[in-house]
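Just so you know, these numbers come straight off a predicted model, no measurement behind them. So you know, we letter chains A, B, ... as the sequences are listed, proteins then strands, and number each from 1. FYI, side chains are in, hydrogens and waters are out, and symmetry mates aren't considered; it's all heavy atoms of this structure.
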Amino acid sequence: MVKYDPKKVEAKWKERWEKNNTDGVDLDGAKNPFYNLMMFPYPSAEGLHVGNVFAFVGSDIQGRYRRLKGFDVFEPMGFDAFGMHSENFALKIGRHPADMVPKNIEHFREDQLKKMGLMLNWEHQVDTTNPNYYRFTQWMFVTLYKNGFAYKAKGQVNWCPSCKTVLAKEQVIDDRCERCSSLVEKRDMEQWYFKTTYFAEELLEALDSLDWSERTKIAQRQWIGKSLGADVTFQVEGGEEFTIFTTRPDTLFGATYMVFSPEHPLLDTITTEENLKALEEYRRQAQAISETERQNEKREKTGVFTGAYAINPVNGRRVPIWAADYVLMGYGTGAIMAVPAHDIRDHEFAKKFSLPIIQVVSSPIGTPDIQLEAYTGEGNLMNSGPFDGLPAKTEGSKQIVESLAKDNKAQFKTNYRLRDWCVSRQRYWGPPIPIIYCDKCGIVPVPEADLPVLLPYLEDFKPDGSGVSPLHRDKEFYHTTCPQCGSKAHRETDVSDNFLCSAWYFYRYPSTDFPDIPFDATRTKKWLPVDLYVGGNEHAVLHLLYSRWLCRALHSIGLIDFAEPYKKFVAHGIIVKDGAKMSKSKGNIINPDDYVKEFGADSFRLYLMFMGTYLEGGDFRDGGVKGMKGFLDRLWAVSSPQFAPLTYELPLGPETQYFLHSTIKAVGQDIERFSYNTALAHIMELVNHLTKNKIRSQEIASVLARLLSPFAPHISEEIWESLGFSTSVFTAKWPEYDEEKLIRPEVEYVVQINGKLRDRIQLAVGLTPEEIDPLVLQSPVVTKWLEGKEIVKKIYVPDKLINFVVK
RNA sequence: GCGAGAGUGGCGGAAUUGGUAGACGCACUGGCCUUAGGAGCCAGCGGCCGCAAGGUCAUAGGGGUUCAAAUCCCCUCUCUCGCACCA
């Protein structure tokens with residue numbers, strides 16, 4: 001009688017799997033390829049986070065399950081090791097990232113990931129800081145540049161004063177830096193951009209047909225932020241024309257003033273002498289506010305009059321032009337027509353500065369006075385000359401725009417909230433942007449043959465906040481010659497955003513053995529797009545959007561033949577500890593190693609999957625892992641020949657048959673819908689049934705080993721081997737259930753009187769109502785409840801329920 | 001403010017299409033075994049009444065539809081997430 005010893009069993013199989021390359025796959029020979037991708041981690045010095053393990057195990061279950069279902073599963077892993085996270089940590093502890101990162105990776109891989117029982121294919125590991133990798137990250141940059149998808153431009157950017165670099169819009173969350181939570185400032189700087197907006201419409205539209213978690217799609221839709229409207233041209237009285245964007249062209253007759261964003265360049269020329277001072281003061285204020293106190297969302301509206309007037313093209317009406325910071329330079333044209341009667345913000349502003357409010361859309365009876373509250377609902381046009389009476393938002397909009405379009409004063413326009421991706425960073429720990437500035441030729445991309453542009457080892461890599469990157473201080477790096485004309489030149493010293501490294505890593509995995517090209521055409525054709533991608537939803541508008549965009553760019557350049565990188569994306573949930581978010585300051589961080597050491601990886605995996613809903617997250621409680629160890633002990637006791645001999649020929653009773661086959665069915669279905677907690681509950685029920693009835697069967701044990709193998713690979717493998725199989729359980733076939741065994745000869749009927757449960761009766765399957773009635777009426781309980789009552793209706797749910805409605 | 005989702009025992013969570021609410025597990029209680037137990041096994045475990053059989057209430061709160069509602073509809077409250085002066 002051998003007791004289950006996770007330490008011994010897990011060590012044995014870890015070694016065996018490595019020796020036999022059980023987790024490997026023949027990339028070229030695979031007949032039934034399945035690319036199972038999980039989001040690669042950044043190898044922090046703190047080690048693997050339990051959230052990572054949770055994500056990986058849930059993904060690994062899919063990979064292992066697909067393998068038993070007959071797929072050739074490719075499940076690679078890598079390290080997203082460039083970026084501010086690693087660099088900031090290195091700065092904090094006074095070390096160099098280039099010295100730390102390899103050790104961190106080693107620790108992640110050897111001490112942690114390899115002990116979690118993940119079916120990872122380590123032959124195709126990726127490390128974004130390896131020159132053999134970032135060489136191709138730079139190649140991506142150059143390729144995008146050559147094809148018009150990258151450009152350099154001056155404009156307002158988000159600047160993190162603590163990280164001392166610019167950030168992409170996606171990396172600013174509630175006006176704070178995604179990495180360090182400092183308040184982000186606005187600065188005017190020249191930066192590199194990728195044209196993400198070029199594919200705005202396609203990225204949006206393709207979402208509808210993607211098999212992705214709905215919440216991820218919603219986040220992307222919202223972020224792309226499409227709005228339909230019109231550009232309308234106004235004229236400054238006695239001056240030039242300007243364009244505004246509006247989603248409500250139907251309300252043009254109600255425009256009683258105009259608002260320009262404080263940064264709008266036209267303000268310089270139109271503002272009258274006597275208003276100039278006030279404007280300048282206001283601009284200063286607006287700048288200061290945007291830098292610090294923007295959080296105060298319920299701020300009162302502010303603004304200044306410019307002294308200038310505009311002419312409304314629909315009616316020639318003269319309306320004042322104001323400057324106010326509730327209009328943003330970064331959206332639309334940076335200028336709006338204000339219709340206080342039908343826009344809440346305009347209404348607020350108009351009231352404060354006593355500007356006229358003219359209603360142009362009729363509202364149903366009962367709506368409050370338009371002078372007190374804006375009306376934004378549906379209605380018909382009024383006070384709108386020839387357009388009176390038209391349904392405002394639909395026909396009204398259409399006809400007004402069309403009438404103005406004749407004189408080129410308006411056109412239908414679609415606006416997106418999405419901005420181009422600002423990709424340059426004034427930091428050290430990233431792939432240098434492969435661009436050379438030549439005195440004669442201007443911007444010259446580094447020729448492919450010269451890649452990689454190696455990141456030099458800088459002793460002092462600290463960002464100085466000047467907006468110029470640390471690499472600028474390395475004169476040897478900085479000064480170079482032009483690859484085109486040989487003249488004196490210098491290198492770009494910004495590095496690219498870490499999200500560029502991760503936007504293409506999954507193309508690299510299958511092709512890591514091709515040193516000279518980023519990805520091999522044949523391998524890519526065979527393995528991509530990714531079949532299943534599991535990861536956190538926090539990347540919805542970051543990594544997931546960037547990588548979708550890059551895929552479209554590569555597709556349009558003609559480098560790949562698909563436009564979407566991931567066929568299916570599943571967003572997993574977030575783990576909390578005792579109902580609270582884990583954080584270092586709270587001291588409630590879970591260290592996976594401790595649990596693996598004490599109870600084994602299988603128990604830890606099992607608990608992570610059992611404690612909650614994979615797609616929504618769970619609440620980690622101490623004690624839970626121990627509970628899973630107890631379950632594995634019970635499993636061992638009923639299914640391992642090492643514990644006690646199994647019976648081979650004893651026929652299984654119908655009840656057990658039913659249990660067995662319904663479990664097979666349920667577990668398969670649950671895995672496919674990522675309902676791991678219920679899949680495990682079903683397996684536990686089966687084990688409980690066996691324990692209770694002292695059933696130890698070879699047949700059942702072989703099923704159990706396979707059902708549990710995606711969740712707890714080590715113990716499953718051990719049981720499988722003890723059953724006499726000479727090859728890995730992962731070369732076996734997923735068990736199939738027999739529909740016939742799912743039919744039970746007798747079922748328990750629920751008898752209800754007026755919808756209330758009164759009795760349960762065992763009856764044969766498939767009885768007709770006529771057959772059921774006399775049997776049910778034999779029940780003393782039922783007759784008692786029916787006594788003196790009249791049955792007015794009978795409801796029958798086959799093989800399940802009878803309900804008598806009585807009076 | 002807009003959008004999405006959620007609210008079920010002491011706790012984590014179950015409940016494919018409306019059809020036995022609380023599966024499975026944790027914790028707890030009692031018993032057995034034991035020199036001992038942070039081991040194992042057996043039993044109990046939503047509230048109230050009851051020795052029990054059973055009854056009755058119960059899925060955030062309030063209404064409704066239905067023979068039947070955690071599930072569908074309306075209203076209210078609370079929480080989580082995403083977006084947010086986006087014209």
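A donor and an acceptor atom sit less than 3.5 Å apart, one in the side chain of A:Lys301 and one in the base of B:C85. Judged by distance alone with a 3.5 Å cut-off, a donor-acceptor contact links the side chain of A:Glu598 to the base of B:G38.
Atom CD1 in A:Ile795 sits about 8 Å away from atom C1' in B:A68, given to the nearest Å. Rounded to whole Å, the distance from CZ on A:Phe610 to C1' on B:C26 is 9 Å. Taking atom CG of residue A:Asp670 and atom C1' of nucleotide B:A15, one finds them 12 Å apart after rounding to whole Å.
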Side-chain donor-acceptor pairs of residues 782-791 of chain A under 3.5 Å, sequence neighbours excluded:
| from | atom 1 | to | atom 2 | distance (Å) |
| --- | --- | --- | --- | --- |
| A:Thr783 | OG1 | A:Ser779 | O | 3.0 |
| A:Thr783 | OG1 | A:Pro780 | O | 2.9 |

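Between B:G55 and A:Trp785, a contact under 4.0 Å exists linking OP1 or OP2 to a side-chain N or O. Proximity of A:Arg417 to the phosphate of B:A84: a side-chain N or O atom is located under 4.0 Å from OP1 or OP2. Phosphate proximity of B:G55 to A:Arg758: present, with a side-chain N or O under 4.0 Å from OP1 or OP2. At the phosphate of B:A4, neither OP1 nor OP2 sits under 4.0 Å from any side-chain N or O atom of A:Ser213. Between A:Arg634 and the phosphate of B:C24, there is no side-chain N or O to OP1/OP2 separation shorter than 4.0 Å. For the OP1/OP2 pair of B:G19 and a distance below 4.0 Å, the side-chain nitrogens and oxygens of A:Lys800 include no atom meeting the criterion.
Taking the charged nitrogens against the carboxylate oxygens, A:Arg221 and A:Glu214 do have a contact shorter than 4.0 Å, which makes a salt bridge. Taking a cutoff of 4.0 Å between a charged side-chain nitrogen and a carboxylate oxygen, A:Asp325 and A:Lys301 do not qualify as a salt bridge.
Ring orientation note: the planes of A:Phe620 and A:Tyr607 are nearly perpendicular, at an angle over 60° on the 30°/60° scale. Using cut-offs of 30° and 60° on the angle between ring planes, the pair A:Tyr614 and A:Phe674 is parallel. Ring orientation note: the planes of A:Trp322 and A:Phe305 are tilted relative to one another, at an angle of 30° to 60°.
For A:Arg621, the side chain to side chain donor-acceptor pair (under 3.5 Å) test picks out A:Asp619, with sequence neighbours left out. Evaluation of the side chain to side chain donor-acceptor pair (under 3.5 Å) rule for A:Tyr416 yields A:Glu201 as partners, not counting sequence neighbours. For A:Asp670, the side chain to side chain donor-acceptor pair (under 3.5 Å) criterion is met by A:Arg673, A:Thr678, A:His682, not counting sequence neighbours.
Contact annotation for A:Glu214: no contact, since no heavy-atom pair falls under 4.0 Å across all strands.
With a 6.0 Å cutoff to the six-membered ring centre and a 45° limit on the axis angle, A:Arg548 counts as a cation-pi contact of A:Trp212.
A glycosidic torsion no more than 90° from 0 defines the syn conformation; B:G62 lies beyond that range and is anti.
Of the listed nucleotides (B:G25, B:C83, B:A87), B:A87 has the atom at the smallest distance from the side chain of A:Asp343. Distances from the side chain of A:Met628 to the nucleotides B:C85, B:C67, B:G25 place B:G25 closest.
For the C1' atoms, the distance from B:G22 to B:A14 is 8 Å, rounded to whole Å.
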Under a cut-off of 3.5 Å for both distances of each Watson-Crick or G-U pair, what dot-bracket string does RNA chain B give, using [ ] for crossing pairs and | for inter-strand pairs? (((((((..(((......[....))).(((((.......))))).((((....))))..(((((..]....))))))))))))....

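Looking at residues 674-688 of chain A, you'll see A:Asn677, A:Thr678, A:Ala681, A:Met684, A:Glu685, A:Asn688 sit with a heavy atom under 4.0 Å from some atom of RNA chain B.
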